[in-house]
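All remarks here apply to the structure that follows.
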Amino acid sequence: MRERWILETKKGDFDGLARQLGVPPLVVRCMINRGVTGEADMKSYLQGTPADLYDPSQMKDLDKAVHILMQGKKQRKKAAIASDFDCDGIFSGYLLWRAFERIGLDSRIFTPDRVQEGYGLNERIVDEALAEDRSILITCDNGIAANAQVAYAKERGMTVIITDHHEVQETLPPADVIVDPKQEGETYPFDGLCGAGVAYKLICALYDACGIPEQEKEELISYVAIATVADVMELIDENRILVREGLRRLPDTDNPGLQALLKVQGMENREISAGHIGFVIGPCFNAAGRIATVQDSFDLLMERDPERALERAGHLRQINEERKQMTEEGAEQAYQMVEERGQDLPDVLVLLLPDTHESLAGIIAGRVKERYHHPVIVFTRTEEGLVKGSGRSVEAYHMFQELMKCKDLMMRFGGHKMAAGMTLRESDLPELERRLNENSALTEEDFCPVVHIDAAMPVGFVTEQLIRELSRMEPFGVGNPRPVFAEQHFRILAGFRLGREKNVLKLRVKNKQGNTCEAMLFHGVDEFDRFVIREWSEAELRRMYEGRENHLDIAFTYYPLVNEYQGIRKIQIQIVGYCRIAKTAESDR
């Protein structure tokens with residue numbers, strides 16, 4: 001895949017800020033490249049604590065929500081928490097349930113059936129809540145698009161509070177209170193919280209109203225951290241503090257269910273990164289809501305017995321393993337459909353996988369987007385004549401806004417810039433695809449992934465101390481990518497395929513200054529082999545794997561890591577991208 005390599009050249013007082021902050025100039029350069037400028041912002045970026053989080057009372061109408069809940073508690077009313085079946089919905093619901101239990105407000109979590117009912121609030125939830133005499137309805141991670149369902153709840157006499165973080169549509173639902181930092185007239189300084197983050201802000205204000213100590217608020221941050229990373233929110237501003245603090249606390253969590261999940265995943269007593277959340281912990285909770293029942297996730301979080309928690313965690317892990325296999329099969333089918341379209345792909349890929357489990361559409365759309373770097377919507381068949389879709393976008397394409405132009409085709413719809421979900425008639429799929437592609441305004445440049453290089457840095461400059469200093473920029477993720485460096489003219493001394501599937505490549509490389517190190521490629525090893533054959537020859541590839549002298553001369557983008565194995569520590573570089581000669585800012589892989 002063609003990539004654009006862009007060496008960032010932003011200006012700044014690297015040395016002066018480095019002295020003031022006590023970090024190397026390279027760390028200052030990396031922060032400036034991410035839009036963090038000025039000493040105060042950099043201190044917050046590097047050292048922000050829960051004390052630096054914004055005052056929840058700044059959020060529009062949050063005080064009204066607190067008033068309703070406090071009155072409900074005083075009048076011994078009962079609450080229904082209308083949650084969702086993904087990781088953010090699960091942790092939003094659990095946080096509210098736990099907080100309501102703490103203040104003495106009777107509550108129960110209700111979630112939609114993913115297959116039978118789809119995303120968000122529905123009339124069945126309203127009816128079941130009323131049957132239990134629950135007169136307060138509070139949504140989390142959903143509700144901002146549930147106009148008809150909220151109207152139904154209001155007609156039945158319920159008091160409705162919406163807490164959500166999704167984009168606001170043309171008209172707001174007729175709730176008593178809406179707490180969503182994306183709504184018009186919002187006064188909160190940050191609109192990038194996930195659903196659990198919004199729920200957490202409400203809980204903080206509720207705890208203040210009840211005189212509950214600050215420490216108990218902070219005990220909830222790990223749950224917000226998991227939801228923030230799993231929902232792929234930008235790790236900027238307040239999210240950085242929530243995730244960093246949550247990750248710090250997670251290994252010592254007092255939740256038996258989380259303790260058990262860390263244990264069955266081999267992460268007990270280990271430092272946990274955002275990557276562990278995104279690729280290990282989050283998917284386990286998501287999997288239950290996708291191919292089993294979301295209740296499995298709630299049962300694990302609410303379990304108090306350690307032995308029973310281990311059983312539940314093992315069950316969740318097994319569900320996720322099944323989900324992985326189903327995802328691989330669906331993704332391969334999607335890749336084949338794209339390949340059959342040839343080189344001239346439409347701007348927006350609309351794929352129908354009729355036999356794929358609908359809950360996997362979003363994951364598969366993400367896989368296809370990563371491989372082809374086009375906006376993708378994957379649809380699956382549901383009931384007769386209907387399809388459900390899940391979309392994932394590229395940076396240049398605001399998926400929510402573009403789909404809003406086609407809302408007349410939708411029976412259900414919601415989302416944000418980078419992702420969306422929808423239900424429509426299968427007969428309308430060709431029209432949707434036609435409109436999206438006719439009006440996409442995307443250019444060839446938008447389909448070319450951009451690799452932002454923080455600095456050109458020979459590997460000889462990399463030390464364990466430098467790696468430790470760069471780690472102060474964690475957590476890494478969307479909005480705060482891991483620093484990437486580049487160097488030209490690596491000679492490859494030897495290559496080895498590792499792993500059960502032989503899908504990891506370890507290279508022994510040497511630069512022009514004579515510095516040698518290991519370079520690891522964890523994805524796309526077959527593609528790398530094809531690159532070597534295309535640019536040099538199959539004979540040169542054989543020489544590389546045999547450790548013989550060859551003519552390979554490659555530029556790498558990379559980030560450095562310390563690998564420790566059997567007590568031996570060594571510096572490695574992890575390969576981000578490669579090209580034959582980096583003579584220009586653009587390269588072809």
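Atoms considered below: every heavy atom in the structure, side chains included; atoms not considered: hydrogens, waters and symmetry mates.
- The shortest distance between side-chain heavy atoms of L235 and F476 does not fall below 4.5 Å.
- Nearest heavy-atom pair across A361 and T380 is CB-CG2, 4.3 Å.
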From CA spacing to verdict: salt bridge (Lys or Arg N to Asp or Glu O under 4.0 Å), R124, E117: CA-CA 9 Å; R124 189 266 308 166; E117 298 171 325; 2.7 Å; yes
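- The number of heavy atoms from other shown groups lying within 6.0 Å of CD (E271) does not exceed 12.
- Each of M233, E234, E238 was compared with I236 under the side chain to side chain contact (heavy atoms under 4.5 Å, CB included) criterion, and only E234 meets it.
- When side chains are defined from C-beta on, T159 does not count as touching S135, because their heavy atoms never get closer than 4.5 Å.
- Between the side chain of T163 and the backbone N or O of A199, no donor-acceptor pair lies under 3.5 Å.
- Atom-to-atom distance recorded for R156:CZ and L130:CG is 5.0 Å, nearest 0.5 angstrom.
- The number of heavy atoms from other shown groups lying within 6.0 Å of CD (E184) does not exceed 12.
- Looking only at distances, a side-chain donor or acceptor of R270 sits under 3.5 Å from a matching main-chain atom of G266.
- We find the CG-CG distance between D113 and N122 to be 9.5 Å, quoted to the nearest 0.5 Å.
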Run the side chain to side chain donor-acceptor pair (under 3.5 Å) test on R98 and Y223 for me, step by step, so that the C-alpha distance in whole Å, both residues' side-chain angles and the decisive distance to 0.1 Å come before the verdict. CA-CA 11 Å; R98 178 165 163 166; Y223 305 106; 2.8 Å; yes
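- Two residues are said to be in side-chain contact when any heavy atoms from C-beta on lie closer than 4.5 Å; I161 and I68 meet this criterion.
- Between D141 and D164 the shortest heavy-atom distance is C-OD1, 3.3 Å.
- At a threshold of 4.0 Å, the pair E132-K78 does not count as salt-bridged, since none of the basic side-chain nitrogens sits closer than that to a carboxylate oxygen.
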Please determine whether side-chain contact (heavy atoms from CB on, under 4.5 Å) holds for the pair V179 and K60, giving the CA-CA distance in whole Å, both sets of side-chain angles, and the decisive distance to 0.1 Å. CA-CA 7 Å; V179 181; K60 182 180 178 182; over 6 Å; no
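- Side chains of D84 and N142: a donor-acceptor N/O pair is absent below 3.5 angstrom, by distance only.
- Atom CZ of F522 has more than 12 neighbouring heavy atoms from other residues, nucleotides or ligands inside a 6.0 Å radius.
- Salt bridge annotation for K77-D106: absent, with no cationic side-chain nitrogen under 4.0 angstrom from a carboxylate oxygen.
- Considering all non-hydrogen atoms of both residues, A129 and M158 come closest at CB-CE, 4.1 Å.
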Could you please spell out the steps behind the side-chain contact (heavy atoms from CB on, under 4.5 Å) verdict for I81 and C140? CA-CA 7 Å; I81 301 166; C140 52; 3.9 Å; yes
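- Salt bridge absent: E358 and R381 never bring a charged side-chain N and a carboxylate O closer than 4.0 Å.
- A donor-acceptor contact shorter than 3.5 Å is absent between the side chain of Y119 and the backbone of P112.
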Can you check side-chain contact (heavy atoms from CB on, under 4.5 Å) on L386 and L424, steps first, answer last? CA-CA 6 Å; L386 297 182; L424 61 153; over 6 Å; no
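- Within 6.0 Å of CD in Q215 there are 12 or fewer heavy atoms belonging to other residues, nucleotides or ligands.
- Annotation: side chain of Q259 is not in contact with side chain of L310 (no heavy-atom distance under 4.5 Å).
- Judged purely by distance below 3.5 Å, without hydrogens or angles, the side chains of K407 and Q169 pair a donor atom with an acceptor atom.
- Cation-pi geometry between R102 and F100 is not satisfied (NZ or CZ under 6.0 Å from the ring centre, within 45° of the ring normal).
- When atom types are taken as modelled, the side chain of H165 and the backbone of L193 share a donor-acceptor pair closer than 3.5 angstrom.
- Ion pair E245/R248 flagged as a salt bridge, since at least one NZ, NE, NH1 or NH2 atom sits closer than 4.0 Å to an Asp/Glu carboxylate oxygen.
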Walk me through whether F298 and Y94 qualify under ring-ring contact (aromatic ring centres under 6.0 Å, His included). CA-CA 7 Å; F298 285 118; Y94 173 75; 7.8 Å; no
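- Counting only N and O atoms by type, the side chains of S57 and D55 include a donor and acceptor under 3.5 Å apart.
- Classification of R249 and E219 as a salt-bridged pair fails, no side-chain N sitting under 4.0 Å from a carboxylate O.
- In this model, no donor atom of one side chain and acceptor atom of the other lie less than 3.5 Å apart for R34 and Y45.
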Would you sort out whether Y54 and Y188 count as a ring-ring contact (aromatic ring centres under 6.0 Å, His included), showing the intermediate values? CA-CA 8 Å; Y54 301 124; Y188 197 71; 5.8 Å; yes
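- Rounding to the nearest 0.5 Å places CZ of R240 at 13.0 Å from OG1 of T228.
- One finds a salt bridge joining R312 and D299 here, because a Lys/Arg side-chain nitrogen approaches an Asp/Glu carboxylate oxygen to under 4.0 Å.
- Of the N and O atoms on the side chains of Y152 and N147, not one donor lies less than 3.5 Å from an acceptor on the other residue.
- Checking side-chain atoms of S393 against main-chain N and O of Y397 turns up a donor-acceptor pair under 3.5 Å.
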M422 vs F379, test: side-chain contact (heavy atoms from CB on, under 4.5 Å). Steps then yes/no. CA-CA 9 Å; M422 67 223 74; F379 285 92; 3.9 Å; yes
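- When every heavy atom of R244 is checked against every heavy atom of P475, the shortest pair comes out as CB-CD, 3.9 Å.
- Taking every heavy atom of both residues into account, L470 and V27 meet most closely at CD2-CG2, 4.1 Å.
- Side-chain N or O atoms of D41 include none that pairs as donor or acceptor with a backbone N or O of G38 at under 3.5 Å.
- Taking all atoms of both residues into account, the shortest heavy-atom contact from G246 to S222 is O-OG, 2.9 Å.
- Here the SG-CG distance, from C30 to D454, works out to 4.0 Å after rounding to the nearest 0.5 Å.
- F413 places a side-chain heavy atom less than 4.5 Å from the side chain of M404.
- Distance CG/D61 to CG/D176: 11.0 Å, rounded to 0.5 Å.
- Side-chain contact between L300 and D296 is absent, with no heavy-atom pair separated by less than 4.5 Å.
- Between E328 and R367 there is a salt bridge, since at least one side-chain N of the basic residue sits less than 4.0 Å from a carboxylate O of the acidic one.
- Side-chain contact check for R392 versus P375: every heavy-atom pair is 4.5 Å or farther apart.
- With contacts defined as side-chain heavy-atom distances shorter than 4.5 Å, the pair E39/L17 qualifies.
- Applying the side chain to side chain contact (heavy atoms under 4.5 Å, CB included) test between F285 and each of D86, N320, L301, V294 identifies L301 as the sole match.
- E329 and Q325 share a side-chain donor-acceptor pair at under 3.5 Å.
- Residue-environment remark: CZ (R468) exceeds the threshold of 12 foreign heavy atoms within 6.0 Å.
- Remark: K154 NZ is packed, more than 12 non-hydrogen atoms of other residues, nucleotides or ligands lying under 6.0 Å away.
- Here the CG atom belonging to L172 is positioned 8.5 Å from the CG atom belonging to D180, to the nearest 0.5 angstrom.
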